2 protein chains.
Amino acid sequence: MSVTLKDVAQAARVSVSTASRALTGTGLTSERTQQRLTRIARELGYRPNPIARGLKTGQSRLVALLVHNLTNASFQVMAEVVQARLKALGYQMLLCIGGDDAQQESDTLTTLVDHRIDGLIVVPTGKNGAQLETLAKDVPIVCLVRRDDATDLETVLADDPQGAYLGTRHLIELGHKRIGLIVGRRDTTSGRERLSGYIRALRESDIPVDDTLIHAGHFVPETGATCCRALLDLPRPPSAIFVANHEATLGVLRVTAERNIAIPNDLSLLCYEDMPWFEWHRPAISIVDNGARDLANLAVDRLLHRMDAKGNGNDGVREYRVGARLVQRDSCRRFDAAKSAKSKSPPSKSSAAKSPATKPAKV
Amino acid sequence: MSVTLKDVAQAARVSVSTASRALTGTGLTSERTQQRLTRIARELGYRPNPIARGLKTGQSRLVALLVHNLTNASFQVMAEVVQARLKALGYQMLLCIGGDDAQQESDTLTTLVDHRIDGLIVVPTGKNGAQLETLAKDVPIVCLVRRDDATDLETVLADDPQGAYLGTRHLIELGHKRIGLIVGRRDTTSGRERLSGYIRALRESDIPVDDTLIHAGHFVPETGATCCRALLDLPRPPSAIFVANHEATLGVLRVTAERNIAIPNDLSLLCYEDMPWFEWHRPAISIVDNGARDLANLAVDRLLHRMDAKGNGNDGVREYRVGARLVQRDSCRRFDAAKSAKSKSPPSKSSAAKSPATKPAKV
DNA sequence: CTGTTAGCGCGTTCAG
DNA sequence: CTGAACGCGCTAACAG
């Protein structure tokens with residue numbers, strides 16, 4: 001079926017071992033035979049069999065990426081980045097989808113080590129710490145986006161405290177004082193950290209933290225809708241909403257559209273984690289960019305580092321942070337407290353309907 | 001490091017082959033030893049090594065999915081579906097991203113066969129037909145979404161002629177007569193087929209085909225913007241636009257937003273291929289659903305079929321179609337030609353701005 | 001029904 | 001510098 005090392009060796013009238021040495025470039029062969037073998041291998045269209053090689057070396061040239069889903073925009077770019085980087089290095093990516101489920105994660109992990117993966121980048125659920133810790137003895141692991149608190153694994157995180165702080169401060173600087181926050185569950189790293197950044201920014205500006213403005217929920221669009229309604233129905237609704245729960249964004253947008261709330265005129269909206277259509281949306285949605293691309297790149301870097309250092313890598317830093325960035329687009333605007341004070345009630349349909357262009361047409 | 005078959009055999013005081021037979025369940029062992037071996041294998045935590053097994057059997061329990069990207073919503077759900085289905089059957093998915101590039105596709109294909117994948121589902125670029133044809137001799141292949149005309153491979157396609165027909169007819173039934181079409185490049189199957197469906201629907205209703213209403217372009221958002229502007233700037237602009245080029249949708253939405261064109265009041269909009277946020281968007285965007293989920297499922301079914309039939313499968317049907325469905329949401333509305341005839345000029349900003357709610361708030 | 005033997009394709013000793 | 005031999009873990013012939 002396919003040409004093997006033996007074929008090459010025979011054609012070159014040398015032994016398989018010589019052929020092996022020459023082609024793997026161990027430098028333990030004469031320059032001449034080396035070149036000769038490479039040439040004839042190419043002529044024959046020889047391709048080493050990774051399976052056979054793996055059986056011998058214990059490696060597979062396979063690296064796994066385990067994420068929760070492909071709906072989340074960050075996971076999409078991470079998958080693309082990891083795949084691209086690895087391919088360039090001769091690795092293939094095994095993409096696994098764990099659904100943020102402990103059982104699925106556990107199952108997946110065991111079959112992955114079965115396949116003798118050379119490395120693993122995982123967004124942990126946080127519920128299989130022991131297993132991860134065990135696996136880490138056999139294969140280099142890098143945690144991404146979330147930390148598994150039960151482990152001591154190398155971890156690449158977004159700088160969520162900073163990101164939430166930057167975003168909140170931005171809104172404050174625009175004059176907002178009542179800033180609604182829709183954030184992730186408190187039992188996730190990101191949920192906690194983004195909340196803390198929000199609070200820090202508020203404190204720094206001596207704005208009292210109003211618990212009724214803070215909603216933590218599951219990572220689904222419905223959360224956004226529910227929380228957004230709750231926020232808008234407040235006696236004193238916020239003038240800005242910071243959606244720091246990425247998945248909730250859709251729900252928020254729906255509710256604001258349904259209620260004909262003009263963004264940013266009636267309400268400023270700041271979201272977390274970019275999506276391709278955010279900048280195509282009108283108004284283009286301002287975001288705090290968590291740096292998915294850089295997170296993925298760094299995770300790959302760290303993984304490769306550990307794969308090179310094979311085993312003796314229990315040194316050095318263990319946790320990395322990729323800074324967040326504020327990307328200002330058109331969904332946040334200056335809030336004039338005095339001016340809008342006239343309307344006590346939540347933004348009425350009529351007022352929303354009356355506000356025409358959120359910005360002048362560009363074309 | 002990990003417990004091997006030998007370990008199990010020793011513990012059970014049998015030969016490796018007996019152990020192998022018992023555990024693989026060939027039925028060539030006594031009931032007793034079978035159960036005994038299974039038990040002690042479990043106790044020892046034995047996990048078969050797929051690499052070693054693969055070297056022997058020539059299989060890898062690896063199935064590859066090669067798509068163009070993960071930005072396209074259809075590819076996302078396909079990846080999720082394929083991964084889930086395969087995992088349930090003990091296979092791992094190798095996800096590769098080819099970027100719709102001939103060279104990348106070619107490279108990827110060769111490294112995939114190197115890894116002795118047991119099967120391949122590929123969205124072909126159409127430029128590596130010969131290579132695909134060759135590979136197909138060694139490994140079961142199913143083409144998805146696009147056909148590679150240079151090959152005779154089993155192919156699972158969306159019913160694009162039907163989908164475009166359904167969509168166009170829907171708009172016609174709503175009273176639209178000038179229907180703009182933004183569609184994919186003519187050198188792709190989907191591009192051609194969707195165009196044909198559009199034309200058929202028009203013909204059927206005796207509506208003349210106006211070439212100025214038809215725009216074919218590359219699969220990028222910019223295409224949508226450009227084409228949408230061209231359409232709107234026509235002396236007699238369309239009353240509805242059918243965006244049958246999925247990637248172009250973003251561009252169209254931007255332009256309509258920029259020009260403050262109220263959907264569906266000023267313009268009906270129908271898109272192709274669903275995205276999660278379409279139904280969260282306000283107005284919720286009506287679509288022609290290409291059935292990405294079912295396409296993926298069918299592709300997996302067919303692939304598994306061929307993998308079972310190993311080699312002797314040059315029989316039976318070679319091409320499948322997954323029917324399209326019209327999903328009516330809120331972006332299309334009845335067009336009253338007489339009433340709107342008063343405004344000859346393209347929808348003006350003022351008129352757009354005046355139209356408030358696209359539909360009554362639900363909440 | 002079971003043990004023995006022989007590779008799968010490759011890397012890696014160990015002698016020349 | 002090169003060839004011969006061995007084994008990675010497992011399955012599949014062949015005997016018993």
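These numbers were taken from a predicted model, which means no experiment stands behind them. By convention in this document, chain letters (A, B, ...) are assigned in the order of the sequence lines, proteins followed by strands, and residues within each chain are numbered from 1.
Evaluation of the ring-ring contact (aromatic ring centres under 6.0 Å, His included) rule for A:Phe75 yields A:His68 as partners, not counting sequence neighbours. Remark: A:Asn290 engages A:Ser74 in a side-chain hydrogen bond (donor to acceptor under 3.5 Å, both in side chains) (not counting sequence neighbours).
Summarising the geometry of A:Val3 relative to A:Asp7, their closest heavy-atom pair is CA-OD2, 3.4 Å, with the distance given to 0.1 Å.
To the nearest 0.5 Å, atom CG of residue A:Leu112 and atom CG of residue A:Leu66 are 7.0 Å apart.
Closest to the side chain of B:Leu55, from the set D:dT2, C:dG3, C:dG9, is C:dG9.
The residue among A:Ser15 and B:Arg47 whose nearest nucleotide of DNA chain D is located toward the 5' end is A:Ser15. Each of B:Arg32 and A:Ala52 was matched to the nucleotide of DNA chain C holding its nearest heavy atom; the match closer to the 5' end belongs to B:Arg32.
In this structure, A:Leu23 places its CG atom 8 Å from P of C:dG11, rounding to the nearest Å. Remark: P of D:dT2 and CZ of A:Arg13 are 16 Å apart, rounded to the nearest angstrom. Straight-line distance from the CZ atom of A:Arg116 to the C1' atom of D:dC10: 12 Å, rounded to whole Å. Here the C1' atom of nucleotide C:dT2 and the CD atom of B:Gln10 are 17 Å apart, to the nearest Å. Distance, B:Asn49 CG to D:dC8 C1': 9 Å, rounded to whole Å. Distance NZ (A:Lys6) to P (C:dG7): 9 Å, rounded to an integer number of Å.
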Under a 4.0 Å heavy-atom criterion, the protein footprint on nucleotides 11-16 of chain D, written with B, S and -, is BBB---
Using the rule given for side chain to side chain donor-acceptor pair (under 3.5 Å), can you reason through B:Glu80 versus A:Asn69, listing the C-alpha separation, both sets of side-chain angles and the distance that settles it, and then say yes or no?
CA-CA 7 Å; B:Glu80 293 201 349; A:Asn69 59 62; 5.9 Å; no
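In the model, B:Gln92 has a side-chain atom that pairs as donor or acceptor with a side-chain atom of A:Thr111 under 3.5 Å.
Two end axes, each from the C1' atoms of five base pairs, can be drawn for the helix from C:dC1-D:dG16 to C:dG16-D:dC1; they diverge by 40°, to 10 degrees.
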Acceptor/donor pairs from residues 291-298 of chain A side chains to any protein atom, 3.5 angstrom cut, sequence neighbours excluded:
unit_1, atom_1, unit_2, atom_2, d
A:Asn297, OD1, A:Arg85, NH1, 2.9
A:Asn297, ND2, A:Arg293, O, 3.2

Let me check something: any side-chain donor-acceptor pairs from residues 119-133 of chain A under 3.5 Å, sequence neighbours excluded? List them with distances.
unit_1, atom_1, unit_2, atom_2, d
A:Thr125, OG1, A:Glu105, OE1, 2.6
A:Thr125, OG1, A:Lys127, N, 3.1
A:Asn128, ND2, A:Ala102, O, 2.9
A:Asn128, ND2, A:Glu105, OE1, 2.7
A:Gln131, OE1, A:Ser106, OG, 2.9
A:Gln131, NE2, A:Ser106, O, 3.2
A:Glu133, OE1, A:Asp152, N, 3.2

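With respect to A:Glu154, the salt bridge (charged side-chain N to carboxylate O under 4.0 Å, His left out) criterion is satisfied by exactly one of A:Arg318, A:Arg306, A:Arg147: A:Arg306.
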